[in-house]
Amino acid sequence: MALNVPKVIPKEAIDYISSKKLATSYNWSEIYAEEHASKFTVAKIMELDVLNSIHESVIDAVAEGQTFHTFKKEMLEKLGEDGWGNYAQKDEVTGEDLTRLSDKRLKKVYQVNKTQSYHTGSWHRFEANKATHPYLRYRLGPSLNHRPDHKSFENLVLPVDDPFWQTHMPMNGWGCKCWVQSLTRDKAEKAGISDSPNIEYHDWENKSTGRKHKVPKGISPGFEYNVGRHREHKALEMVTDKLSQVVTQNPKQANATMTALLGDTVQKAMIAKVIKDMVTDVADNKRAYGNTLAVGTINDEVVDKLTERGIAPHHSILAVSDKDILHGLRDDKKDKGINLPVEFWQQLPDKLQNPSAVLLQKKKAGSTKTAFDTLIFVYDDDDNSGKVIIKMDIQTQVKTGKKTREKVMLNRVTTGTKSTTEGVKALEDTELLYGKI
């Protein structure tokens, strides 16, 4: 059975494709997995005006339920027949000639974006109706030859909230026509409710970025996410590629945005997942990529006291880089028994919002330019007693593109170690701002 295109196109489907921001890329994999939920790209299209024309045509195709023939015809009118036939440019890095879009490539753009848009609308209905239809069943599409792994998912019946749907919600690969059926409890019980599968992962290296990803068995790399949850990717943008922009252009708005994200259950969970994945990647591969992510905020009580002392930070957002996490997990700390465990770093967003105490260690008068006012977040926990060091208003280079960086003022987590209460009390020139030791 094919994906049923509704007679009335769901508003969520149109919103999804319309909200995507243009992003040029040489390879589709340069913009990976969840990022495709918020960015529109066509491999080897480097001209924004051409990309914008294609995007507008895809929006029309989704909103009007157009066939591929109509989509292509209207897009040709936007680009012009000559522009379509003679479209050519060179890659600035390799010098390689980039040929025009072929029908095969254009059909892929049409199918993926249109199908993912409809799946977005489907997921919205699944969540809205789960009180009456709490289960979903995985179904195969009309293809003559089904992928063996996708066949193994056929007729799985699982609750809407089962973790399986976060990685296995169709599409699950190029050309995948699988779909998901919503079921009442009675129909689910008649069909047979499945046990939640044990998902097996394998490592896949993205040649475009050099990063390694854990991809579920049976899912094509880059498709291991639930496109219907694209609204959560506001958090991804905030903690990744928008970090430098928001804290430099409008610090007050950045504070408000990050506070709102942390106050929303879904967004907070997304941030936690992003940080956990980064820490796991660093711990497993023992390498950093120079990524810096927003991870939390300094609480209002601490900010007020810093303001009273005339050392209010530029903004209240807390950030961490994978280089600093690698430093915190280094072997010599482990050998000395002073390292905070990987699990602590994986839970960093929650940890930073819930310290036992916060101390201020002011930089000394006449100190060097490399000295900073420092916040010490203290944790009095049977398993993870220790401290996290945060340098305030430290100038950091943050990635703003594949080959570009921008200097930005951050309150950055620079290290963390195990420490006893006595060890914290023995720290020199500190002042208690929050909590108790």
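For N129 (side chain) and T132 (main-chain N/O), no donor-acceptor pair under 3.5 Å exists by modelled atom type. Checking side-chain atoms of N285 against main-chain N and O of R287 turns up no donor-acceptor pair under 3.5 Å. The backbone N or O of I193 lies less than 3.5 Å from no partner atom in the side chain of Y135, so there is not a single donor-acceptor pair. Remark: side-chain polar atoms of K305 are not paired, donor with acceptor, to backbone N or O of Y434 under 3.5 angstrom. At distances below 3.5 Å, not a single donor-acceptor pair connects side-chain atoms of N226 with backbone N or O atoms of T167. Within the 3.5 Å criterion, the main-chain N or O of D322 finds no donor-acceptor partner in the side chain of N291. A donor-acceptor pair under 3.5 Å is formed between the side chain of H315 and the backbone N or O of M409.
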Steps toward side-chain contact (heavy atoms from CB on, under 4.5 Å) verdict (K214, D284): CA-CA 11 Å; K214 291 193 176 297; D284 288 348; 3.6 Å; yes
Decide side-chain contact (heavy atoms from CB on, under 4.5 Å) for I437 and D380; before the verdict, give the C-alpha distance in whole Å, the side-chain angles of both, and the deciding distance to 0.1 Å. CA-CA 8 Å; I437 300 176; D380 185 9; over 6 Å; no
Would I298 and L318 count as a side-chain contact (heavy atoms from CB on, under 4.5 Å) here? Give the steps. CA-CA 7 Å; I298 305 171; L318 298 169; 3.6 Å; yes
Please test N155 against R139 for side-chain contact (heavy atoms from CB on, under 4.5 Å), starting from the C-alpha separation and ending with a verdict. CA-CA 6 Å; N155 289 323; R139 305 301 299 270; 3.8 Å; yes
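Within a 6.0 Å sphere centred on CG of D203, other residues, nucleotides and ligands contribute more than 12 heavy atoms. Environment of CZ in R185: sparse, with no more than 12 heavy atoms of neighbouring residues, nucleotides or ligands closer than 6.0 Å. For K276, the NZ atom sits in a loose shell: 12 or fewer heavy atoms of surrounding residues, nucleotides or ligands are nearer than 6.0 Å.
In this structure, L329 and A283 approach most closely via the heavy-atom pair CD1-CB, 4.1 Å. Minimum interatomic distance between L262 and G296 (heavy atoms only, all atoms of both residues): CD1-CA, 3.8 Å. Between G328 and N339, the shortest heavy-atom contact is O-CB, 4.2 Å. Across E224 and P216, no two heavy atoms sit closer than the pair CB-CD, 3.5 Å. A pairwise comparison of heavy atoms in L306 and P313 identifies CD1-CD, 3.9 Å as the closest pair. When every heavy atom of V160 is checked against every heavy atom of W123, the shortest pair comes out as O-CH2, 3.6 Å.
Here I271 contributes atom CD1 and L348 contributes atom CG; the two are 12.0 Å apart, rounded to the nearest 0.5 Å. The distance from atom CD of E301 to atom CG of L433, rounded to the nearest 0.5 Å, is 8.5 Å. Once rounded to the nearest 0.5 Å, the distance linking CG of D162 with CG of D195 reads 10.0 Å. Rounding to the nearest 0.5 Å gives a distance of 9.0 Å between CG of L140 and NE2 of H150. Note that CE of M171 is 13.5 Å distant from OH of Y118, once rounded to the nearest 0.5 Å. Between E189 atom CD and T184 atom OG1 the span is 8.5 Å, to the nearest 0.5 Å.
In this structure T259 satisfies the side chain to side chain contact (heavy atoms under 4.5 Å, CB included) test together with T297, sequence neighbours excluded.
Between H168 and F164, the ring planes are parallel. Angles under 30° get that label, and only those over 60° would be called perpendicular. The aromatic rings of F153 and Y138 sit perpendicular, their planes meeting at an angle over 60°, well past the 30° parallel limit.
Exactly one of I376, L352, T374 qualifies for a side-chain contact (heavy atoms from CB on, under 4.5 Å) with I390. That residue is L352.
In this structure the side chain of W165 never reaches within 4.5 angstrom of the side chain of F126, judged on heavy atoms. The shortest side-chain heavy-atom distance between S182 and L136 falls under the 4.5 Å cut-off. By the 4.5 Å heavy-atom criterion applied to side chains, R147 and C176 are counted as neighbours. In this structure the side chain of E154 never reaches within 4.5 angstrom of the side chain of H146, judged on heavy atoms. In this structure, S194 and V157 have side chains that are in contact, with non-hydrogen atoms separated by less than 4.5 Å. Two residues are said to be in side-chain contact when any heavy atoms from C-beta on lie closer than 4.5 Å; V282 and W345 fail this criterion. The closest side-chain heavy-atom distance from P197 to L156 is below 4.5 Å. When side chains are defined from C-beta on, V320 does not count as touching R412, because their heavy atoms never get closer than 4.5 Å.
Using a cutoff of 4.0 Å between basic side-chain nitrogens and carboxylate oxygens, K190 and D186 are not scored as salt-bridged.
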